[in-house]
2 protein chains.
Amino acid sequence: MFSKACEYGIRAAVYIALQSLDGRRVSVNEIAEEIDSPMAFTAKILQQLTKNNIVDSVKGPTGGFEIEREAMDTVKLSKIVKAIDGDKIYVGCGLGLKECNADKPCPLHDKFVDVRSNLRTMLQNTSLYELATGLEVGLTYLKR
Amino acid sequence: MFSKACEYGIRAAVYIALQSLDGRRVSVNEIAEEIDSPMAFTAKILQQLTKNNIVDSVKGPTGGFEIEREAMDTVKLSKIVKAIDGDKIYVGCGLGLKECNADKPCPLHDKFVDVRSNLRTMLQNTSLYELATGLEVGLTYLKR
DNA sequence: TTTAATTCGGATAAATTTATCCTTTATTAA
DNA sequence: TTAATAAAGGATAAATTTATCCGAATTAAA
């Protein structure tokens, strides 16, 4: 469904949000450890998230990643997925056809549109805050 | 969503079904041309479909691929997807966690279960016959 | 002002997926 | 029985994704 990079990206963002709720800024090192992801690769993905203004980064000692409380509400999963995997999950044809649309639909088009709009709606309506607070309260888990 | 291999596999199966409705057996060559896919790669995928009893193959002159009328009903998309991509699309965690389940859910678990069961239901309820007849009647298209 | 901690950015490597090529096997028809 | 046709199977190559490494830039604190 999502690429590995995107999975790590979402997990990282959620973890950063969780820690930011406590006013803690976190390093790549800590993030990778806590979300159980490869460190250097995670660093690359965090660069993308930073460039896309999904998280904030600060260099130097005491530096690291954080997310402002407000951004936790405005940043939806859709933004993260788009930043990392692009929009193919929203736009493309389920069977990989270039010229598939309502006018000239592939055999799966209509059924696929349903499933995908379901997914899109879910991603567009799910904020980082929502995910982070689930973790905070102990309802959900991130590691392994 | 699906791998390229799986996209080609579905398209190939639908095309074979369509031609089998006319009593025509088709070669890899024709299939690849008609569904606009790389020939040799498509041949590999057809081997998988054959091994999984999704299509029938016949060697030698006048040989090729075909699907029995009955199989067009019993073969659902889910079977093709499972044969090529495995069951990760049904089973795995959206965030790639190994130990994610209802007991110890990842932050996205519940929302993801919804989307995915939607997809699973769709794949389990969609037969090759349904897809092939859409094409036959000119409601849908397969190429490009 | 130096040192150390941290992100950033480029280069490269490993793994996986996608794709091609070629030989073998089966089978039909001449 | 032979020649031709088509799938099967193995080896390999190309492309993409995943992952690592290392030096540069930034910055806080000693």
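Naming: A, B, ... by sequence-line order, numbering from 1 per chain. Because the structure is a prediction, the values reported are computed rather than measured.
Distances shorter than 4.0 Å separate none of the side-chain N or O atoms of Tyr8(A) from OP1 or OP2 on dT18(D). For Gln47(B) and dG9(D), the shortest distance from a side-chain N or O to OP1 or OP2 is below 4.0 Å. Between Ser57(B) and dA8(D) there is a side-chain N or O to OP1 or OP2 distance below 4.0 Å.
A salt bridge links Arg24(A) with Glu30(A): the distance from a Lys NZ or Arg NE/NH1/NH2 to an Asp or Glu carboxylate oxygen falls below 4.0 Å.
Each of Gly60(B) and Asp85(B) has a nearest nucleotide on DNA chain C; the 5'-most of these lies closest to Asp85(B). Between Val58(A) and Thr42(A), the one whose closest nucleotide on DNA chain D sits nearer the 5' end is Thr42(A).
You'll find that the side chain of Pro61(B) is closest to dT5(D), out of dT20(D), dT5(D), dA28(D). The listed nucleotides are dT20(D), dA7(D), dT7(C); the one nearest the side chain of Ser27(A) is dT7(C). Side chain of Ser3(B), nearest nucleotide from dT7(C), dT18(C), dA7(D): dT18(C). With distances taken from any side-chain atom of Thr62(A) to the nucleotides dA7(D), dA28(D), dG9(C), the minimum falls on dA28(D). Side-chain atoms of Lys44(B) lie closest to dA11(D) of the nucleotides dA11(C), dA11(D), dA8(D).
dA11(C) atom P lies 18 Å from atom CZ of Phe41(A), rounded to whole Å. The distance between atom CE of Met39(A) and atom C1' of dA19(D), rounded to the nearest whole Å, is 12 Å. Going from atom CD1 of Ile35(B) over to atom C1' of dA19(C) covers 14 Å, rounded to whole Å. Look at NZ on Lys59(B): it is 5 Å from C1' on dA8(D), rounded to the nearest Å. Distance, Glu33(A) CD to dT6(C) P: 13 Å, rounded to whole Å. In this structure, Glu7(B) places its CD atom 14 Å from P of dT17(C), rounding to the nearest Å. Rounded to a whole Å, the CG atom of Asp56(A) is 16 Å from the C1' atom of dC8(C). Following rounding to the nearest Å, Ile45(B) (CD1) and dT20(C) (C1') show an atom-to-atom distance of 13 Å.
Remark: side-chain polar atoms of Ser20(B) are not paired, donor with acceptor, to backbone N or O of Gly23(B) under 3.5 angstrom. Side-chain N or O atoms of Ser117(B) include one that pairs as donor or acceptor with a backbone N or O of Asp114(B) at under 3.5 Å.
By the criterion of side-chain heavy atoms lying less than 4.5 angstrom apart, applied directly or through intervening Ile, Leu, Val, Met, Phe, Trp or Tyr residues, Val113(A) is not grouped with Val115(B); the two fall into different hydrophobic clusters.
For dG9(D), the base has no donor-acceptor partner in the side chain of Lys51(B) [N/O atoms by modelled type, under 3.5 angstrom].
The cationic group of Arg25(A) does not satisfy the cation-pi geometry with Phe65(A), failing either the under 6.0 Å distance to the six-membered ring centre or the 45° limit from the ring axis.
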